[in-house]
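Presented below is the structure to which this report refers.
As the structure is a prediction and not an experimental result, all values here were calculated from the model. Here, residue 1 is the first one in the sequence, and each next residue gets the next number.
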Amino acid sequence: MQSKQGSEKRGTVSWQGLWMKLRHSEQIMVKQDVPHAGQGCIDKHRLIVALDGSGSIEIDASCYPVKEGEAWLLLPGQSCSFYIESSRKLTCHALAFDVYREAESEDGEAITLHRTTLPFAGRVTCLSQPTLRMRCGSIGEAWEQTDARTDAASGADVRAAA
């Protein structure tokens with residue numbers, strides 16, 4: 001993926017040593033205007049992928065048209081809303097994640113991770129829309145399975161403690 005904004009910075013950004021930890025995954029089906037979508041993850045980076053349909057996405061105070069196959073990268077703190085025409089719908093997949101940069105100790109024996117922010121945001125170009133759709137589906141399924149296992153494990157702990 002390439003960012004459409006900050007092209008001057010893109011050449012100087014090093015992806016080497018970056019780690020990303022997925023914090024949330026959800027599918028958003030927009031059938032009416034949805035102000036402030038994904039506010040529960042506003043302190044995270046978010047990748048919003050339009051899977052089907054069209055509409056508009058408002059990021060902070062700027063509004064952009066969005067259609068199937070497009071993706072938007074949001075930085076922590078950015079607000080996001082979706083708007084559609086009454087006869088349309090828009091299905092998106094939202095991934096919330098933290099970004100860390102690794103730092104190696106002076107002796108090279110240990111690596112520590114420091115939370116960081118990506119130096120760009122905005123619309124990103126996806127090279128393969130079918131692959132992107134498939135990957136969003138796989139991530140969503142894996143996330144749901146992890147949630148189900150976590151809920152089951154938490155329930156077991158609560159029953160054991162009672």
Side-chain angles (χ1 to χ4, degrees), residues 1-7 9-10 12-84 88-102 111 113-154:
M1 286 187 257
Q2 291 182 321
S3 173
K4 291 285 187 187
Q5 292 179 315
S7 59
K9 290 184 180 181
R10 187 174 63 237
T12 62
V13 173
S14 172
W15 289 90
Q16 186 172 358
L18 283 183
W19 294 62
M20 296 174 193
K21 179 161 178 70
L22 184 64
R23 297 296 185 175
H24 186 74
S25 172
E26 73 175 305
Q27 188 162 316
I28 301 170
M29 300 183 98
V30 182
K31 295 179 183 170
Q32 60 185 15
D33 293 348
V34 181
H36 308 297
Q39 287 301 96
C41 297
I42 198 163
D43 63 330
K44 310 287 182 216
H45 286 83
R46 287 169 286 160
L47 181 65
I48 310 291
V49 180
L51 298 175
D52 186 36
S54 63
S56 297
I57 186 170
E58 183 179 332
I59 301 171
D60 294 333
S62 299
C63 199
Y64 309 94
V66 63
K67 64 182 188 237
E68 179 178 335
E70 293 182 337
W72 297 84
L73 181 64
L74 281 70
L75 298 176
Q78 287 188 294
S79 64
C80 172
S81 301
F82 296 102
Y83 301 98
I84 58 169
R88 296 196 172 171
K89 67 178 180 117
L90 176 63
T91 304
C92 297
H93 198 99
L95 301 168
F97 57 98
D98 288 324
V99 178
Y100 300 90
R101 182 164 300 278
E102 67 181 32
I111 294 176
L113 298 178
H114 302 281
R115 194 167 179 176
T116 190
T117 302
L118 293 174
F120 56 88
R123 184 172 175 261
V124 290
T125 302
C126 305
L127 301 179
S128 172
Q129 293 176 11
T131 301
L132 185 62
R133 181 184 297 271
M134 181 184 69
R135 296 256 167 90
C136 285
S138 297
I139 291 169
E141 288 174 19
W143 187 258
E144 288 175 19
Q145 290 173 358
T146 301
D147 274 354
R149 284 194 301 267
T150 301
D151 290 345
S154 296

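Considering every non-hydrogen atom in both C136 and H93, the closest pair reads O-CE1, 3.5 Å. Looking at every heavy atom in both residues, I84 comes nearest to V30 through CD1-O, 3.4 Å. The minimum heavy-atom distance linking G140 with S25 is given by the pair CA-OG, 3.7 Å. E70 approaches P65 most closely through the heavy-atom pair OE1-O, 3.6 Å.
Considering L47, V124, I59 as possible partners of W72, the one that fulfils the side-chain contact (heavy atoms from CB on, under 4.5 Å) test is I59.
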**Prompt:** Should F120 and L73 be marked as a side-chain contact (heavy atoms from CB on, under 4.5 Å) after you check the CA-CA gap, both sets of side-chain angles, and the distance that decides it?
**Reply:** CA-CA 8 Å; F120 56 88; L73 181 64; 3.5 Å; yes
**Message:** Please evaluate residues C41 and R23 with respect to the criterion side-chain contact (heavy atoms from CB on, under 4.5 Å), reporting the C-alpha separation (whole Å), side-chain torsions for both, the decisive distance (0.1 Å), and the verdict.
**Reply:** CA-CA 8 Å; C41 297; R23 297 296 185 175; over 6 Å; no
**Prompt:** Passes side-chain contact (heavy atoms from CB on, under 4.5 Å), D98 versus M20? Steps please.
**Reply:** CA-CA 6 Å; D98 288 324; M20 296 174 193; over 6 Å; no
**Request:** Quick one: do H114 and Y100 satisfy side-chain contact (heavy atoms from CB on, under 4.5 Å)? Show the steps, please.
**Result:** CA-CA 5 Å; H114 302 281; Y100 300 90; over 6 Å; no
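The 12-atom threshold is not exceeded at CZ of R135, counting heavy atoms of other residues, nucleotides or ligands nearer than 6.0 Å.
The OG atom of S56 sits 9.5 Å away from the CZ atom of R88 when rounded to the nearest 0.5 Å.
Checking side-chain atoms of R115 against main-chain N and O of R101 turns up no donor-acceptor pair under 3.5 Å. One N or O on the side chain of D60 and one on the backbone of S79 form a donor-acceptor pair closer than 3.5 Å. Looking at Q78, its side chain does come within 3.5 Å of a backbone N or O of L75 through a donor-acceptor pair. Using a distance-only test at 3.5 Å, with no hydrogens or angles considered, no donor-acceptor pair links the side chain of E141 to the main chain of S138.
Not counting sequence neighbours, the partners of H45 by the ring-ring contact (aromatic ring centres under 6.0 Å, His included) test are F97. For T131, the side-chain hydrogen bond (donor to acceptor under 3.5 Å, both in side chains) partners are S128, not counting sequence neighbours. Remark: E68 engages R133 in a side-chain hydrogen bond (donor to acceptor under 3.5 Å, both in side chains) (not counting sequence neighbours).
Side chains of Y64 and R123 form no contact here, defined as non-hydrogen atoms less than 4.5 Å apart. Within the 4.5 Å cutoff, side-chain heavy atoms of L22 are placed close to those of I139. Between T116 and L18, some side-chain heavy-atom pair lies under the 4.5 Å cut-off. Between R46 and C80 the shortest side-chain heavy-atom distance falls below 4.5 Å. Within the 4.5 Å cutoff, the side chain of I57 has no heavy atoms near those of the L90 side chain. Taking the side chain as every heavy atom from C-beta outward, C92 and F82 approach each other to under 4.5 Å. Side-chain atoms of T117 and P76, non-hydrogen and from C-beta on, do get closer than 4.5 Å to each other. Looking at W143 and H24, their side chains come closer than 4.5 Å, going by heavy atoms from C-beta outward.
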